[in-house]
Amino acid sequence: MTQPLTASPSARLSGSVTVPGDKSISHRAVILGALATGRTRIEGLLDAEDVLATARAVAALGASVVRSNGALEVTGQGVGGLRAPKGPLDFGNSGTGSRLMLGVIAGHDMGVELTGDASLRRRPMGRVLQPLTAMGLDVDGDEEHATLPLKVHGTEDLLPIIYDLPVPSAQVKSAVLLAGLHAPGRTTVIENLPTRDHTERMLRFFGAEVAVEDRGGGASAITIVGDAELHGVPVTVPGDPSSAAFLIGAALICPGSDIVVENVLLNPTRAGSIETLREMGAKIEVVDLREAGGEPVGDLRVRSSALSGVHVPAERAPSMIDEYPVLAAVAAFAEGETRMAGLSELKLKESDRQAATAAGLAACGVEARIEGDDLVVQGRGLVKGGGTVETHMDHRIAMAFLTLGLGAAKPVTIDDTSMIATSFPSFVPLMIKLGATFG
Ligand code: S3P
């Protein structure tokens, strides 16, 4: 059942809040915990549908997953120690969970059926199946054009490969590296633009040997030494910058706002939206930069700001791929044109986000156009209109347009809030805590 919600004009957001744990790191902690021997205690795990689907999947594959005093404890049987599940694994809305787990399944001699919700069933799986079948995974059907539901069969005799990523995708990189854990020798992934590097960082943390060779111009070759042994470790998950982006965006566009978002992951492979917003004139200060769990984190003080349109280069896309919908919403409040270049990957997310964002902006009376892979927003310093926006089963479209509604002169209604639970269940209560008005 759909649950519409209206965001109403709000002013002066204030106060300090902490966003929930990073989604990417949470998935990886659960997965590596299931591949390690011994116990992995995960503090600050994102307690949201996407991650819970991954936790249920590793439990169905034989890992022990228990909640304990606010943390999640995962105990695995070591690399290669998972066993066939009794039924299909349902990854819900999660591209990350399903694609990373395909890399894990590849190294086990077992048949697995994977499925997901209507949004996930539309998303391309060929991008991970191509390298994984080259390593030895058997796929029922045409792997190049595959979508879920899907039946695959792994093998204990995976071949190591050298794989040049055809698209800048951390999910594809991670699937190949996770499969490489089970292969003899060295598996290498070459990326031409930096994508989020949490898998590499965390694999090392769990005891695997990972080498990163800088190839210049943002390119690198990442090599994992196979037949690895992983050991359970404590993991602390920092706050998700992709969730923080909505709070940051709201503070920038609601007049008189001054907020602090605490404990935000500031890994450079994820920080493109902060860089872009600062170029637009956003007052965002890092208050206390520190390291937590092997990742840079900080508290962000954000004040409402007069913004100008900018050109966002295509090379920056991987470091802010999930933030474009909210950036586009904020760009409507800037003076002048914002061009977001090179968004081909944005079309393949939980919805076609380039189209859904442009349509949502138009529904709110904002001038926006699609030019090939670019999205162009004509900012007018304010948004006079309100409107009703279709979210297309996409949590980030839902939150981006609720954010826009807080800064607009008239209310914005979204057709459905239910998908917000996949990544940021506390979004509305946290916004209300800062002073936002809904309904
Ligand atoms: C993710 C990588 C990105 C991102 C997704 C999470 C990850 O996808 O959009 O939300 O955790 O590896 P791609 O790797 O497909 O770009």
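Only heavy atoms go into these numbers, but all of them, side chains included; no hydrogens, no water, no symmetry mates. These figures come from a predicted structure and were not determined experimentally. Atoms within each ligand, like the ligands themselves, are counted from 1 in listed order.
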A.B. asks: Is there a donor-acceptor pair under 3.5 Å between the side chain of Asp299 and the backbone N or O of Val287?
C.D. replies: no

A.B. asks: With respect to Arg396, determine whether any N or O atom, backbone or side chain, lies less than 3.5 Å from an N or O atom of ligand 1.
C.D. replies: no

A.B. asks: Should the proximity of Arg28 to ligand 1, defined as any heavy atom under 4.0 Å, be assigned to the side chain, the backbone, both, or neither?
C.D. replies: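 The side chain, only.
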
A.B. asks: Considering distance alone, does some N or O of Arg196 sit under 3.5 Å from an N or O of ligand 1?
C.D. replies: no

A.B. asks: Distance to 0.1 Å, residue and atom name: give those for the protein heavy atom nearest to atom 6 (C) of ligand 1.
C.D. replies: Thr96 OG1, 3.3 Å

A.B. asks: Heavy atoms only: which of Ser24, Ser242, Ser423 lies closest to atom 11 (O) of ligand 1?
C.D. replies: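 Considering heavy atoms of Ser24, Ser242, Ser423, the nearest to atom 11 (O) of ligand 1 sits in Ser24.
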
A.B. asks: Using 30° and 60° as the class boundaries, would you call the ring planes of Phe427 and Phe438 parallel, tilted or perpendicular?
C.D. replies: perpendicular

A.B. asks: Relative to the heavy atoms of Gln171, which atoms of ligand 1 are at a distance of less than 4.0 Å?
C.D. replies: 1 (C), 2 (C), 5 (C), 6 (C), 7 (C), 8 (O), 12 (O), 13 (P), 14 (O), 15 (O)

A.B. asks: How far is atom 3 (C) of ligand 1 from the closest protein heavy atom, and which atom is that?
C.D. replies: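 Its nearest protein heavy-atom neighbour is Lys349 NZ, 3.8 Å.
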
A.B. asks: Is Glu345 close to ligand 1, meaning an N/O of one under 3.5 Å from an N/O of the other?
C.D. replies: no

A.B. asks: May I have all residue pairs that pass ring pair (Phe, Tyr, Trp, His ring centres under 6.0 Å) and include part of residues 90-117, sequence neighbours excluded?
C.D. replies: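 Non-adjacent pairs meeting ring pair (Phe, Tyr, Trp, His ring centres under 6.0 Å): His108-His182.
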
A.B. asks: Does an N or O anywhere in Val172 fall below 3.5 Å from an N or O of ligand 1?
C.D. replies: no

A.B. asks: Below 4.0 angstrom from a heavy atom of Ile321, which ligand 1 atoms are there? Numbered from 1 as shown, please.
C.D. replies: 9 (O)

A.B. asks: Do Thr147 and Arg122 have side-chain N/O donor and acceptor atoms under 3.5 Å apart?
C.D. replies: no

A.B. asks: Considering only the protein, which heavy-atom contact is closest to atom 10 (O) of ligand 1, and what is its distance?
C.D. replies: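 For atom 10 (O) of ligand 1, the nearest protein heavy atom comes out as Asp322 OD2, 2.7 Å.
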
A.B. asks: So for atom CD, which belongs to Glu209, do other residues, nucleotides or ligands contribute more than 12 heavy atoms lying within a distance under 6.0 Å?
C.D. replies: no

A.B. asks: Under a 3.5 Å cutoff, is there a donor and acceptor pairing between the side chains of Glu262 and Thr18?
C.D. replies: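 Yes.
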
A.B. asks: Return yes if some donor-acceptor pair links the side-chain N/O of Arg201 with the main-chain N/O of Gly294 below 3.5 Å, else return no.
C.D. replies: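 Judged by distance alone, yes, a pair lies under 3.5 Å.
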
A.B. asks: Looking at every non-hydrogen atom in both residues, tell me the closest pair between Glu345 and Pro168 and how far apart they are.
C.D. replies: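 Minimum heavy-atom separation between Glu345 and Pro168: CG-CD, 4.5 Å.
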
A.B. asks: Indicate yes or no: does an N/O atom of Ser174 lie under 3.5 Å from an N/O atom of ligand 1?
C.D. replies: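 Min N/O separation from ligand 1 is not below 3.5 Å for Ser174.
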
